[in-house]
Structure formats: structure tokens, C-alpha cells
Amino acid sequence: MLKKVALLLTGIAVVFSIAACSEKLEAGKSCPLLCPEQAITLVDTTIDAAVSDTTIAGLPPIGAEGYLMLASHGDTVETRAIIRYDTLPQSYTKSGVDSTIANIDSAYLITPIVKPDSLRRPKAPVTIEAYDVDTTATDTVAAILAPLFRPDRLIGSKTFAPESLLDTLRIPVSTDSVLDRVKNGTKLRVGLRIVSTQGVDLRVGSTTLGLGVTLHITASKDTAAAPVNVAPVSNTPTDQPFLSGPLSDYTIVLNGTTRTPAILLGVGGVPSRRSFIRFNVPSRIVDSTTIVRASLLLTQSPNRRLDPHDSLYVYPLAVLAGPAITDISSLLQFVGTPGQFNLDSLRLAPADSGVVSFEIVGLVRTWRGQSSTVSPRSVALRSAVEGQSPGEIDFFSTKAPAAVRPRLRITYVPQTSFGLP
Amino acid sequence: MMTQLVSHATSRRIGAFVFALLLSFVPALAVRAQANLSSQGFGFPTGQFSTRTWGTGGALAELDPLSPVNPASLALIPTRLVTFQIEPEFRSVTTASGTDRTTTARYPNVFGAIPVGRGWVLSLGASTLLDRTATSVFNTTQFLTATDSVPMTTQFRVDGAMDDVRLGAGWAPASWLRVGVGAHAITGHNLISITQSFADSAQFATFTQQRVLGFSGGAVSAGIQLVSKLVTAGFSGRRGGNLDLSSEDTLLTSAKVPNRFGASVAFTGIANSAISVRTSRDDWSSLGSLGTPGLHAVDAWDTSVGADLAGPRVGDRILFLRGGFRTRTLPFQAGDHTVTEQSFTGGLGSAFAAGHVLGDFALIHSSRTASGLSASEHAWTASFGISVRP
């Protein structure tokens with residue numbers, strides 16, 4: 001009995017304890033009257049923290065484009081999309097039975113595209129032409145491929161009204177050409193060209209994002225015959241799938257290749273480029289304070305060469321490579337994903353000018369207490385549509401006049417001895 | 001009353017269970033809120049009272065063995081005993097900006113005692129000396145440059161308390177005399193965290209800084225009780241030693257543990273009852289150098305009057321009825337304004353389980369004001385105390 005009563009009482013005590021722990025502690029209406037501790041003062045400073053920077057063209061590397069850039073701006077920019085069908089099936093299925101392809105009723109290139117927004121929609125009909133660009137020469141070089149876009153190699157084309165450019169285009173191709181490759185077991189390599197009376201850009205799906213252009217073959221008019229869909233496949237370079245895989249489809253630039261001068265940092269453009277900035281932030285700030293804002297201030301230089309008012313997103317990215325990699329081009333391929341470390345993008349138009357601010361506090365905070373070998377103090381800049389759209393954003397680099405060089409604005413909380421009443 | 005408890009056979013298992021329970025509460029000896037009058041400076045002095053003493057407004061503090069104030073009262077404890085308290089407080093603070101209501105929990109007193117023979121009783125316990133746990137949240141706008149500003153919300157949170165761990169001994173050399181001594185370790189910590197968040201979360205990242213302030217110090221105490229048929233008087237004092245405040249391994253400041261002196265006189269001419277008056281003085285100003293120069297600690301009187309009366313019998317138990325009034329000055333000023341507190345208290349108590357368990361309850365209503373400051377604070381505190389004598 002005694003034990004039961006004691007346990008009951010201690011149980012009651014436990015219940016009260018738990019109930020009493022349901023606290024509501026927050027108060028603040030009497031601040032600042034009764035609150036001796038006030039908000040900690042923030043310190044704001046802007047420093048020339050960028051110690052080196054450079055722009056590397058040709059990134060992403062050929063075949064790694066998210067979308068293929070099909071552009072025609074005359075002498076300014078001309079690009080082509082190359083799609084490889086190095087393996088073609090030689091049979092089709094009819095009523096569950098395999099049959100050898102002896103004839104082809106129709107063949108199409110099922111071409112996924114990014115629907116142009118209202119600002120980028122072509123103002124005139126566009127024609128997409130398909131050429132047989134198979135060659136024994138090195139067919140990733142523009143100088144070799146460009147001559148292959150000639151009338152005797154044209155295997156198909158179709159003209160589209162601007163409003164018909166929605167999500168997928170069906171481009172008919174020569175059944176004879178396809179049948180010849182099927183029967184002979186040889187590869188079919190198609191080059192796409194866009195033609196219009198006005199400058200035009202189109203983003204075509206690629207295998208990089210699983211949206212490659214599919215060759216659609218109907219071998220028989222019989223409705224029981226299943227069509228054959230052929231995805232892009234590249235077998236060259238032979239026995240090097242790491243290299244041949246990305247070359248299933250890619251973009252080549254015939255005209256309009258530009259270089260970024262040393263006083264500028266380029267993002268996007270033709271060929272696509274990324275920029276790299278390395279920082280040296282004083283340890284007294286990075287390691288001894290708490291940073292609440294870090295803004296990379298860049299002065300934009302207007303680029304009116306192409307699509308000057310078509311805005312695009314520019315991402316700041318963390319460089320993830322360690323110190324063993326010193327080649328900047330390689331460093332710029334080992335970058336974080338957009339949004340990683342809470343790095344935010346900016347939407348900019350090539351013709352814009354003035355100072356822009358990339359918020360990189362999430363990245364700068366990772367530098368605290370870490371050596372630069374562990375946490376590289378650098379940032380990469382890339383376009384969201386790199387390799388897909390010719391627009392280029394330029395910023396002044398560290399080699400530009402002092403007033404327009406990259407700067408880092410840091411807002412931080414100094415080390416404080418707070419807590420003493 | 002403790003001297004009237006019936007002694008029975010012990011139960012080691014119950015004692016072990018309750019003691020384990022007590023230990024589980026020790027790390028959470030104090031929790032509460034801020035932006036108020038009572039928790040200025042290093043915090044709110046809970047008084048180191050038992051629930052029973054609370055019921056009398058504090059008037060029995062020098063006579064009550066469950067209050068870790070006068071070590072001489074330990075000699076009253078006839079058998080092994082463990083005790084602990086729970087004290088939730090419901091507080092409202094009113095200023096011109098509005099009223100904040102907070103609910104807080106306290107576990108301000110835990111200890112055990114054991115008779116060791118020949119009238120000696122030893123005790124080890126911990127009680128809250130100053131409880132600083134608090135949270136305040138406020139919005140401000142900071143100008144970074146002439147053209148750049150940022151609205152932000154600051155949360156300032158303090159968890160922890162300055163605690164008094166006492167090893168005490170009481171001795172009753174004669175029926176009319178009890179004496180006692182205590183050695184005190186002043187310990188505990190304040191975990192302070194500041195979190196600032198920003199309305200513009202795209203540019204600014206929330207930041208949090210934490211810091212732990214640790215206390216280490218010592219004191220000694222001594223007390224005496226004189227007993228007659230009609231009157232019992234108790235006197236005690238504490239002599240403070242050095243008190244250091246450090247952060248990690250860095251000594252920040254030093255001060256002295258406040259000296260204290262107190263006296264209670266009780267009329268015990270009514271059976272099983274006591275009517276008492278008490279006053280004490282704490283030299284809190286000695287803590288002034290422990291904080292920043294802006295910290296203002298003041299020496300304070302604490303005076304109370306109360307009664308612990310044998311009420312009706314419930315079954316074979318006596319139900320004790322208690323009431324009291326207390327007035328005191330709190331140790332830390334709000335700005336330059338001294339904070340005072342008046343409390344009305346009431347309570348109940350009885351023995352259960354054939355005297356093996358003592359249960360006490362007290363309800364305290366406190367009003368705190370600071371002359372010249374347009375702020376007031378009111379609090380209801382419920383104190384639950386349980387003592388077990390295995």
C-alpha cells in the first residue's frame with residue numbers, strides 16, 4: 001500500500017513536471033524598455049576581393065548541351081545541330097512477328113523543341129532542313145561539316161508557321177536515304193539547319209536531358225506494323241563510350257564565334273562560355289565574424305551583338321574541384337548545381353548595364369574555418385541556357401578600370417562578447 | 001510539521017526510485033522568460049524556499065528544514081529524506097507597448113538528507129540562486145549605409161541559472177538548540193544564443209551565435225535555532241567567497257558571492273502551528289562587478305510574515321493551512337530603476353503514506369514594479385513540493 005501511494009504521488013509529480021515544461025517563453029513587447037540586450041550591430045564593407053578571373057569558351061563541352069542551339073542570324077551567328085543514328089534497326093514488328101525492313105513508308109524526325117516565349121517567337125515562317133552529314137572525316141569540326149549542308153545532301157525539310165512552334169516538330173526525311181542505311185547497316189548522321197527570312201533561334205531537345213530527336217520509321221502501311229523509333233546513338237570514337245555517348249547529338253557553330261576580351265568576363269554566347277573568379281577575403285572577416293550577406297558586385301558591360309534584349313538567367317556556382325586541378329577549364333566543369341548553397345540567379349539581358357549583385361552568402365559561409373584547398377574561394381558564372389541560346393552577358397573583369405572591377409560586399413556580425421548583463 | 005511526522009519502517013526501493021527521479025530533474029533546475037522586470041541582470045532570485053515556506057510567504061525560511069537557507073534546521077530531519085519542487089509560473093508584463101504573457105517552469109529546489117547519529121544530519125542539495133532563463137524577440141531596422149537598410153528580427157535567448165549546491169550539516173546538541181553549517185558551491189551556467197533573421201532572406205542569411213557563461217564560486221553558511229515552548233527563533237548567515245564568470249576556458253569577470261543574513265521568529269504556542277515573521281538581507285551589490293558596467297545590483301531586504309496552521313483532519317491526517325505576505329527588493333535594477341516585489345501566498349500541506357510522503361502546495365501571486373518605470377509585472381506561481389522519507 002505504501003509503495004502504491006508513493007508511486008502514485010511521484011507519478012503525479014511527473015505529470016505536473018511535464019505540464020510545467022509546456023512553456024511559452026517568447027516575449028518582446030516590453031523591448032527596448034526592459035530588454036538590456038539589443039540587436040547586434042551589423043558591419044557592412046565592400047572589398048576588392050577578386051584576385052583573378054578569366055573566361056573560358058567552349059563550356060559546356062561539345063555534346064553536353066542541355067539543348068541544341070539551332071540559330072540563324074546570317075553573318076552574326078549560324079549554328080547547326082548534328083544528330084547521330086549510328087545503329088539502325090533492320091527489322092520491325094508486325095502482329096508480334098519480326099520482319100525485315102524492305103520498304104519504308106515514311107520517316108520523320110520527331111524533334112522536341114522548347115516553345116519560344118512571346119518575345120522570342122519567330123516573326124516569319126521558319127524552315128528546318130535535314131541534311132545527310134555522314135562523312136569519314138572528323139565530323140565534330142565546323143570546317144568539315146559546313147560544306148556538307150548542300151542541296152545534294154538535303155534529305156528533308158519542313159516549314160513551320162511561328163505559331164506552330166509548340167513542343168514537338170515532325171520533320172519528314174527521305175525514305176530512300178533511310179532505307180539505304182537500314183539495308184546496308186550503315187549509320188545515318190543528320191544535320192539540322194534552320195532557315196528564315198529573319199534571325200531566328202530554336203532550342204532542340206538533346207540526349208543530355210533525355211529529349212533527343214527520334215527517327216520515326218514506318219516500314220509498312222499495314223496498321224498492324226509497329227513503327228520503329230530510333231534514338232540517337234554515337235559509336236565514335238570507337239570503344240570510348242565516355243566520349244562517344246555525349247556525341248549522340250551536339251551543336252556546331254559555323255559563323256559567329258567570338259572571343260571575350262581580357263577586360264570582360266563572358267557568360268553564355270557563341271561558343272558558350274563560363275567565367276571564373278577567385279577571391280581572397282581577409283581571414284579576420286571570413287573566420288572571425290559571422291557573415292550574413294555576401295554580394296558579388298559585377299558591373300555589366302552591354303553586349304548588343306545578338307538578342308540584346310532577350311534576358312537569360314546567370315547562375316553563380318560553387319567550384320567543387322580540389323587544389324589538384326589547376327586548369328581553369330577543368331575547374332569550370334566541376335561546379336555545383338544551380339541553387340546549391342542557396343546561390344541565387346539573376347535574370348539579365350545582354351544589353352543591360354550597371355552594377356548587378358549576386359548573393360553568395362551561402363557559399364562564403366562555407367569558407368569559414370576552412371583552408372582554400374578544402375573550400376576553394378572561387379565562384380563560377382554560367383548561363384542557364386549555355387550552348388542553347390546565343391545571348392551573352394558580359395561583366396567587367398579585374399583587368400578593367402578600378403571603378404568597374406568585381407567587388408565583394410560583405411555584411412557581417414563582428415565577434416562580440418555578448419551575453420554579459 | 002517536520003517534527004511531528006510519524007516515523008515508520010523504511011522502504012529502500014521507494015527511496016531509490018524517488019532519488020533517481022530527483023536526479024533526472026537536476027539539469028533542468030531553472031527555465032523562464034525575459035523582457036520583464038524580474039529577470040534583469042543575472043536573473044530572478046527564486047528565494048531558495050521550500051513549498052511549505054512559500055505557503056507562509058517565506059516567513060518560515062530560517063526554521064524550515066526543507067528550505068536550504070538555515071543549515072541548523074537540518075537537525076529537525078528525523079530520517080533519511082529526499083525532496084524536490086516544481087514551480088510553474090504564469091507571468092504577464094505590461095508596458096505601454098502591450099502585455100506579454102509567458103508560461104515558465106522551474107525546478108528550484110532538490111536535496112536529500114540523512115541522519116548520521118548523535119543528533120547530526122547531513123544534507124546535499126541544489127537550489128536556484130538566480131534564474132536567468134529568458135527569451136525576448138524584437139524587430140528593428142538597421143541602416144548599413146545611408147541608403148541601405150535591412151529590417152531584422154532578433155531573438156535573444158538565455159537558458160540557465162546560477163545555482164547553489166550546498167553540503168550542510170545540522171546538529172541538535174540540546175532540545176532547545178540546533179546549529180548547522182553549510183559549504184556552498186556556486187555553479188551553473190547561462191547558455192546565451194542570439195538569432196537574427198531578416199525579412200530579405202534572398203540577400204541575407206539568418207545567423208545564430210551561442211555562448212556559454214559558466215559560474216564557479218564558493219560560500220559558507222552557518223545558522224542557529226533556539227527553541228522554547230512558545231517561540232522558536234532561527235538565524236543564519238552566508239559568507240560569500242569568490243565568484244568567477246568564464247566563457248569556455250577564459251575568465252571574464254570576478255565578483256563575490258553575496259553575503260546574506262536572515263532571521264525568523266515564530267510563535268509556536270498553538271499545537272502543530274507556527275506564526276512567523278522573517279527578514280533577511282542579501283548583499284547582491286557584490287555581483288555588480290560580474291557584469292558589464294551597466295549592470296546595477298542593489299542590496300536588498302526581504303521581509304515576510306506568515307502562518308502555518310494545523311487545520312482540519314482528513315482521515316487521520318492533519319491538513320496544514322498556510323498564508324503569508326512577502327515584500328522584497330529584487331537584486332538587479334531595470335535601467336536605473338529598483339524593482340520591488342510584493343507577494344501574497346497561500347498553501348496546503350499534509351502527510352501521506354503513513355507519514356512517508358509529504359505533499360505541499362502553495363500558490364503565490366506576485367506584483368513587481370519599478371518606481372519611475374512605466375512597466376508592471378504580475379505573476380501566479382504554483383509550487384508543488386514532494387518529500388519522501390523511505
Side-chain angles (χ1 to χ4, degrees), chain A residues 1-10 12-14 16-46 289-295 342 344 357 359 361-362 364-365 409 411-413 415-421, chain B residues 11 13-14 17-18 21 25 31-37 40-42 86 88 93 95 97-100 102-105 135-138 140 142 144-145 148 152 154 156 190 192 194 196 198 202-205 207 209 211 213 252 291-292 294-295 334 352-354 356-357 359 375 384 386 388:
Chain A
M1 181 63 185
L2 172 64
K3 182 178 177 181
K4 288 180 179 177
V5 173
L7 286 174
L8 175 64
L9 289 172
T10 52
I12 292 171
V14 169
F16 275 116
S17 303
I18 294 169
C21 284
S22 301
E23 298 181 308
K24 176 187 174 298
L25 290 172
E26 289 192 357
K29 289 177 181 172
S30 52
C31 294
L33 183 66
L34 299 179
C35 303
E37 300 90 0
Q38 286 298 292
I40 287 178
T41 301
L42 304 178
V43 176
D44 195 62
T45 184
T46 300
T289 71
T290 302
I291 295 174
V292 296
R293 176 173 68 171
S295 307
N342 290 324
D344 202 8
S357 175
E359 305 307 330
V361 62
V364 173
R365 278 188 166 185
R409 178 181 60 196
T411 306
Y412 61 92
V413 180
Q415 198 170 35
T416 57
S417 56
F418 66 94
L420 282 179
Chain B
S11 170
R13 294 174 65 186
I14 293 175
F17 175 80
V18 175
L21 184 65
F25 286 125
V31 197
R32 63 211 56 96
Q34 184 189 318
N36 52 56
L37 287 168
Q40 298 291 312
F42 282 100
I86 311 163
V93 180
T95 63
S97 303
T99 299
D100 278 323
T102 58
T103 302
T104 62
T135 301
S136 57
V137 180
F138 48 91
T140 53
Q142 179 158 354
L144 302 171
T145 66
D148 190 11
M152 57 189 185
T154 301
F156 193 100
N190 290 165
I192 298 123
I194 297 177
Q196 285 190 319
F198 302 88
Q203 282 195 58
F204 290 86
F207 100 96
Q209 282 189 356
R211 195 181 194 202
L213 302 178
L252 299 178
T292 62
L295 177 69
F352 304 91
H356 285 274
V357 177
F384 302 89
I386 289 185
V388 177

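Numbers restart at 1 for each chain; the letters A, B, ... are given by sequence-line order, proteins then strands.
Residues meeting the ring pair (Phe, Tyr, Trp, His ring centres under 6.0 Å) test with Phe207(B), sequence neighbours left out: none. Here Thr290(A) pairs with Gln209(B) under the side chain to side chain donor-acceptor pair (under 3.5 Å) rule; sequence neighbours left out.
Across every non-hydrogen atom of Leu295(B) and Pro421(A), the tightest pair is CB-O, 3.8 Å. Across all their heavy atoms, Ala202(B) and Asp344(A) have their closest contact at CB-OD2, 4.4 Å. Looking at every heavy atom in both residues, Ser295(A) comes nearest to Gln203(B) through OG-OE1, 4.4 Å.
In this structure, the portion of Thr145(B) lying under 4.5 Å from any heavy atom of chain A is its side chain and not its backbone. Both the backbone and the side chain of Val292(A) come within contact range of chain B, judged by heavy atoms closer than 4.5 Å. For Leu213(B), the part lying near chain A is the side chain, with the backbone staying farther off; criterion is any non-hydrogen pair under 4.5 Å. In this structure, the portions of Ser97(B) lying under 4.5 Å from any heavy atom of chain A include both its backbone and its side chain.
When each of Gly291(B), Ala205(B), Gly359(B), Ala334(B) is scored by its heavy-atom pairs under 4.5 Å with chain A, the top score falls to Ala205(B). Between chain A and the residues Leu37(B), Thr99(B), Thr95(B), the most heavy-atom pairs under 4.5 angstrom are made by Thr95(B).
Put simply, the side chain of Asp148(B) reaches to within 4.5 Å of the side chain of Arg409(A), judged on heavy atoms.
To the nearest 0.5 Å, the span separating CZ on Arg211(B) from CG on Leu420(A) amounts to 5.5 Å.
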>> Assess the residue pair Thr411(A) and Phe198(B) against the criterion (side chain to side chain contact (heavy atoms under 4.5 Å, CB included)); give the C-alpha distance rounded to whole Å, side-chain angles, the decisive distance to 0.1 Å, and a yes or no.
In response: CA-CA 12 Å; Thr411(A) 306; Phe198(B) 302 88; over 6 Å; no
